[in-house]
*Asks:* 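One structure, as C-alpha cells, below. Some questions next.
Residue numbers count from 1 along this sequence. Remember, it's a predicted structure, so these values are computed and weren't measured experimentally.
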Amino acid sequence: MRTHNFNYLNKAYQTGGPHLLRRVFNDTVRHDKQEALNQLDDDSLLFPVFFLLLRDVAAHDMSGDLNGRNAIAYGLCADKIKNLPGPRMAPDAADEDALALTLRWILETGKNEPTDPILRNEFDAVIDYAAALLIIKFDDKTALPLVADLIFRRNRQGLLIHDLVWSFFQTLDTATLLHIADNLLSSNPKDAALAQKLLHVEAADPGEDKRALHRRVTDWIRENGPYLYLTGEHLQQITNPVHLRCDREAKYLNKEISPRYRAPLEPLSTAERACLSRYREANDDEQQILTDYSYQLRGRDTRLWDVWLQKETAEQVIAAGERMEAI
C-alpha cells in the first residue's frame, strides 16, 4: 500500500460532500484508471470515502483490482448492502491479520458518516458489523473506547444503538467502563442518561448530585473490576438490562475471572476450593457480608486475611460482623 502526500478523494468529500467526491472519482477513472486505484489504495483514505464510492467501483468493474485492505472492506460491505455486486467476504476465510487491520481502519476512520438516510443506514450496518467482529472474533479491547464514543454520538442523534451496545458488552474493560462513567458528569442530558442506563445506576437519593454519583460508580468499578462478569442481558430483550454484575465468590477469594465465561483465569487451588465450599454454606446475606469483609481485610492486612479465610464459616461471619481483624 502506498501513501500520497495529498489524497484528493478525501479532500473532495470533506469540501464538497458525496456529489463532488463521486464526480472527482469518476473523472479520474475516465482519464487515468490506475491513478483512481492508487487514490483508493492510499493509506490515508477514509473509510466513508471508500464506502461512498462502492457502487462507482462496481460500475467501473474495479472490485477485482482493489488492494488487500479494500478488497476485504468491499466484501464486508457487500455482506451488508443489498444489490452491491461483487465478491462477499466470509470473515473466517480472510487472513486474520489483514482482516483485523481492515476492521480497525473501518472503525477508526469511519467517523464522518454520510448524511443521506438510506446511505446512513447501510453505513451504520457496516460499522456495527466491523465493531462486532473486532470485539467478538478478535477480543480487541482497544476497540471498546471507539465503540463507546460511537454509541454516545449516535444516541445524541437519536439513532439506534442496540447492536453496538450488544457488541460492546461481549467483553469488558475496566478503563472503558470508567470512560462511560465519566459521561455521568456530562452537561448533555442524553449522555448522562445513557451512562446511567448502560451502567444500570441511578442516584441513591434525591440529594445525591452527579459528582457524588460519579464518585460512587467509579469507586465501585475500580473495586470490582477483576470480578465483573457479563450477564447476557441486552436491549433487544428488555428495556433496562443489567449488563454486568460482580461475582461475589471471585471477590471473596480475590480470583480474577473471565467476564465472558464467569470462570477464574487461573484454576482454584485445593485450599481455595475448600474455602469456597465453606463459603457456600452461608446464606445469601452472610455471603455478601463475607465478600465485603474479605475485600476490606485483604486491603488492610493480607496475612490476617489469609488466616481469616481458613476459619470455619461461622467464625468468619462473627469476625466480619464485629469488624475485627484479630481472630
*Asks:* Looking at D124 and R120, is any side-chain nitrogen of the basic one under 4.0 Å from a carboxylate oxygen of the acidic one?
*Replies:*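 Answer for the salt bridge query: yes.
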
*Asks:* Are I221 and L230 linked, directly or through other ILVMFWY residues, by side chains that come within less than 4.5 angstrom of each other?
*Replies:*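 Yes.
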
*Asks:* Please tell me whether N188 and S186 have a donor and an acceptor in their side chains that are separated by less than 3.5 angstrom.
*Replies:*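 The answer is no; no qualifying pair exists.
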
*Asks:* Which heavy atom of D43 sits nearest a heavy atom of R69, and at what distance?
*Replies:*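 The answer is O-NH1, 3.6 Å.
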
*Asks:* Quick one: does K190's side chain have a donor or acceptor within less than 3.5 Å of a partner on R156's backbone?
*Replies:*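 Yes; at least one donor-acceptor contact below 3.5 Å.
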
*Asks:* Could you walk me through whether D292 and Q288 pass the side-chain hydrogen bond (donor to acceptor under 3.5 Å, both in side chains) check?
*Replies:* CA-CA 6 Å; D292 292 341; Q288 188 61 61; 3.0 Å; yes

*Asks:* So if you build clusters from Ile, Leu, Val, Met, Phe, Trp, Tyr with side-chain heavy-atom gaps below 4.5 Å, do L178 and F168 land together?
*Replies:*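 Yes, L178 and F168 fall within the same hydrophobic cluster.
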
*Asks:* Do D163 and Q236 pair up side chain to side chain, a donor and an acceptor below 3.5 Å, judged on atom types alone?
*Replies:*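 Yes, Q236 and D163 have a side-chain donor paired with an acceptor closer than 3.5 Å.
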
*Asks:* Look at the side chain of E233 and the backbone N and O of I238, then say whether any donor-acceptor pair between them is shorter than 3.5 Å.
*Replies:*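 No; judged by distance alone, with no hydrogens or angles, the pair does not exist.
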
*Asks:* Mind checking side chain to side chain contact (heavy atoms under 4.5 Å, CB included) for A175 and listing every partner two or more places apart, or none if nothing turns up?
*Replies:*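 By the side chain to side chain contact (heavy atoms under 4.5 Å, CB included) rule, A175 matches D173.
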
*Asks:* Sort and list the pairs that fulfil side-chain hydrogen bond (donor to acceptor under 3.5 Å, both in side chains) and have at least one residue in residues 201-212, not counting sequence neighbours.
*Replies:*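 Counting only pairs at least two positions apart or across chains, the side-chain hydrogen bond (donor to acceptor under 3.5 Å, both in side chains) contacts touching residues 201-212 are E208-R216.
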
*Asks:* D27 and R23: side chain to side chain contact (heavy atoms under 4.5 Å, CB included), yes or no, with the steps?
*Replies:* CA-CA 6 Å; D27 286 347; R23 189 171 77 238; 3.8 Å; yes

*Asks:* Are F50 and F25 close enough, and set up right, to give a ring-ring contact (aromatic ring centres under 6.0 Å, His included), and what steps lead you there?
*Replies:* CA-CA 11 Å; F50 179 77; F25 178 73; 9.5 Å; no

*Asks:* If you look at every heavy atom in R298 and T302, which pair is closest and at what distance?
*Replies:*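 Nearest pair, atom of R298 first, then T302: O-CG2, 3.5 Å.
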
*Asks:* Drop me the distance from W308's CH2 to Q316's CD, to the nearest 0.5 angstrom.
*Replies:*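 Here the rounded value is 4.5 Å.
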
*Asks:* Examine the side chains of Y227 and N254 and answer whether a donor and an acceptor come within less than 3.5 Å of each other.
*Replies:*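 Yes, N254 and Y227 have a side-chain donor paired with an acceptor closer than 3.5 Å.
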
*Asks:* Are L21 and I81 connected in a single hydrophobic cluster, I mean Ile/Leu/Val/Met/Phe/Trp/Tyr linked by side-chain heavy atoms less than 4.5 Å apart?
*Replies:*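 In one cluster: yes.
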
*Asks:* Okay, side chain of D191, backbone of S187: is any donor-acceptor separation there less than 3.5 Å?
*Replies:*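 No, because the side chain of D191 does not come within donor-acceptor range (under 3.5 Å) of the backbone of S187.
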
*Asks:* Main chain of A36, side chain of T28: is a donor-acceptor contact present, judged purely on distance under 3.5 Å?
*Replies:*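 Checking the backbone N and O of A36 against the side chain of T28, no donor-acceptor pair under 3.5 Å is found.
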
*Asks:* Please name the pair of heavy atoms, one in A148 and one in H179, separated by the smallest distance, quoted to 0.1 Å.
*Replies:*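 Closest approach of A148 to H179, heavy atoms only: CB-CD2, 4.2 Å.
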
*Asks:* Please check if the side chain of N70 supplies one atom and the backbone of L40 the other of a donor-acceptor pair under 3.5 Å.
*Replies:*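 At least one qualifying donor-acceptor pair exists.
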
*Asks:* Does R278 have any side chain to side chain donor-acceptor pair (under 3.5 Å) partners at least two apart in sequence or in another chain, and if so, which?
*Replies:*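 Partners of R278 under the side chain to side chain donor-acceptor pair (under 3.5 Å) test: none.
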
*Asks:* Taking the side chain as C-beta and beyond, is there a heavy-atom pair between V29 and D56 under 4.5 Å?
*Replies:*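 They are not in contact (no side-chain heavy atoms under 4.5 Å apart), so the answer is no.
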
*Asks:* Without swapping roles, check the side chain of Y279 against the backbone of Q287 for a donor-acceptor pair under 3.5 Å.
*Replies:*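 Yes; at least one donor-acceptor contact below 3.5 Å.
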
*Asks:* Would you say I257 ends up clustered with F169 if hydrophobic residues are merged whenever their side chains have heavy atoms under 4.5 Å apart, either directly or through other cluster members?
*Replies:*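 As far as the 4.5 Å side-chain criterion goes, I257 and F169 are not connected within one cluster.
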
*Asks:* Search all heavy atoms of P264 against all heavy atoms of L268 and return the closest pair with its distance.
*Replies:*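 Distance-wise, the nearest heavy atoms are CG-CD2, 4.2 Å.
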
*Asks:* Closest heavy-atom contact between F51 and C77?
*Replies:*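 Shortest heavy-atom separation between F51 and C77 comes out as CD1-SG, 4.3 Å.
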
*Asks:* Test your reading of the model: is there a side-chain donor-acceptor pair from E122 to the backbone of K80, 3.5 Å cut-off?
*Replies:*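 No, the answer is negative, given that no donor and acceptor are paired below the 3.5 Å cut-off.
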
*Asks:* Is it the case that the side chain of N10 and the backbone of L46 share a donor-acceptor pair, with hydrogens and angles ignored and the cut-off at 3.5 Å?
*Replies:*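 Looks like yes, one N/O pair under 3.5 Å.
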
*Asks:* For the side chain of W105 and the backbone of L45, is there at least one donor-acceptor N/O pair under 3.5 Å apart?
*Replies:*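 Such a contact is found between W105 side chain and L45 backbone.
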
*Asks:* Examine distances only and state if a side-chain atom of Q170 and a backbone atom of W166 form a donor-acceptor pair shorter than 3.5 Å.
*Replies:*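 Such a contact is found between Q170 side chain and W166 backbone.
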
